[in-house]
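See structure below.
Order of appearance sets the numbers: ligands from 1, and atoms from 1 within every ligand.
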Amino acid sequence: MFAVYAQSFSSDNPLDGLVVGERPDPEPGEGWTTVRVKAASLNHHDLWSLRGVGLKDDALPMILGCDAAGVDADGNEVVVHAVINDPSWTGDQTLDPKRSLLSERHQGTFADQVVVPRANVVAKPASLSFEEAACLPTAWLTAYRMLFTRGGLRAGDTVLVQGAGGGVATAAITLARAAGLRVLATSRDEAKRSRAMEIGAHDVFESGARLPVKVDAVMETVGKATWGHSVRSLKPGGRIVVSGTTSGPDVDDAELTRIFFLQLSVVGSTMGTSDELASLVSLLDATSTRPLIDRTLPMEQAADGFAAMAEGDVFGKIVFTR
Ligand SMILES: NC(=O)c1ccc[n+]([C@@H]2O[C@H](COP(=O)([O-])OP(=O)(O)OC[C@H]3O[C@@H](n4cnc5c(N)ncnc54)[C@H](OP(=O)(O)O)[C@@H]3O)[C@@H](O)[C@H]2O)c1
């Protein structure tokens with residue numbers, strides 16, 4: 001079948017190991033189903049894979065891609081949940097120490113077909129296109145869990161989203177606005193700040209700028225570059241929810257004094273459960289909220305999408321279609 005896969009790793013030139021070609025058809029195991037992929041979306045995770053982060057040599061060649069929407073073996077239109085659990089695991093799927101994401105141990109979604117456990121497909125409503133649905137399983141699900149499960153935010157609360165241009169950040173801005181929150185966002189880039197206003201931010205600021213109000217929670221994916229600002233932006237008793245460290249994990253000053261004195265909480269968040277994915281799909285079905293798609297490319301042109309992401313030339317999601 002047609003597939004986009006990693007053949008080798010390079011930390012400096014990740015696209016060198018990317019192949020657009022053919023791989024054998026996958027065989028579904030007991031309790032698994034085959035999904036015919038109609039659309040798949042790109043995440044930073046796919047670039048990290050080409051750099052050899054999270055993937056081992058003996059896993060190559062590996063079909064890339066965590067996110068997909070398509071048609072399952074019974075003809076149902078579905079969204080694929082990318083978290084693959086150990087078969088013995090019960091409970092919150094994101095807490096399974098043996099979990100992996102599609103394209104880490106099991107072949108990914110940038111292909112004609114992907115096989116997943118039956119529990120990993122969620123019904124796609126007709127109101128969502130395959131392209132929109134394919135944006136949800138990683139960046140949007142991560143933002144959903146950060147805001148509502150780990151952040152505990154509700155209508156009327158105020159949230160700050162750092163690094164407005166990222167996939168998780170654009171999802172967080174859009175979802176927070178849809179849920180009735182007051183949404184502040186930062187970006188280093190003037191153009192991204194205006195785009196953030198268009199997708200739902202009430203107000204935008206340069207990275208590190210003093211805010212006119214303190215917030216109930218900060219959605220943090222940038223790390224080192226914004227950490228101090230995140231801590232200083234919180235109300236007493238507020239919460240930072242962190243799911244990524246794009247600018248690096250080693251902060252110069254963790255602001256521990258402020259954290260204990262103002263009784264702040266620092267909460268980690270990773271991906272989301274299939275129940276949360278179903279709730280996210282329902283939220284979109286019930287509202288006019290839709291993922292912001294930066295560009296849609298035929299999967300044959302996947303290398304162009306990877307190059308755009310590597311250059312940071314993205315606002316919203318890059319989607320590949322079959
Ligand atoms: N834990 C999980 O389940 C999970 C899931 C998805 C993603 N992630 C992680 O979350 C992070 C975000 O991923 P993503 O794909 O949404 O976005 P991304 O493309 O990695 O970038 C996020 C944003 O970070 C900001 N940024 C980067 N370097 C910066 C710097 N030096 N100073 C200030 N801001 C900077 C940029 O915002 P501006 O240009 O607008 O300033 C950028 O748009 C990644 O590290 C990813 O690995 C984790």
Restricting to salt bridge (charged side-chain N to carboxylate O under 4.0 Å, His left out), what partner residues turn up for Glu27, sequence neighbours left out?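 Salt bridge (charged side-chain N to carboxylate O under 4.0 Å, His left out) check on Glu27 returns nothing, list empty.
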Residues in side chain to side chain donor-acceptor pair (under 3.5 Å) contact with Lys56, at least two apart in sequence or another chain: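 Counting only residues at least two positions away or on another chain, Lys56 forms no side chain to side chain donor-acceptor pair (under 3.5 Å).
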Sub-4.5 Å side-chain heavy-atom contact between Met271 and Leu101: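 A side-chain contact exists here, since the closest heavy-atom pair is under 4.5 Å.
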What pairs with Asp112 under side-chain contact (heavy atoms from CB on, under 4.5 Å), at least two apart in sequence or on another chain?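 side-chain contact (heavy atoms from CB on, under 4.5 Å) list for Asp112, sorted by chain: Met1, Phe2, Arg322.
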Give a yes or no on whether a salt bridge exists between Asp250 and Lys224, defined as a side-chain N under 4.0 angstrom from a carboxylate O.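 Looking at Lys224 together with Asp250, the answer is no, because their closest N to O distance does not fall below 4.0 Å.
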Does a side-chain N-to-carboxylate-O contact under 4.0 Å join Asp92 and Arg145?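 Judged by the 4.0 Å cut-off on N to carboxylate O distance, Asp92 and Arg145 do form a salt bridge.
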For ligand 1, what is the set of protein residues having any non-hydrogen atom at a distance below 4.0 Å?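 Near ligand 1, by chain and number: His44, Trp48, Thr142, Gly163, Ala164, Gly165, Gly166, Gly167, Val168, Ser187, Arg188, Lys192, Thr221, Val222, Ala225, Ser243, Gly244, Thr245, Thr246, Ser247, Ser269, Thr270, Met271.
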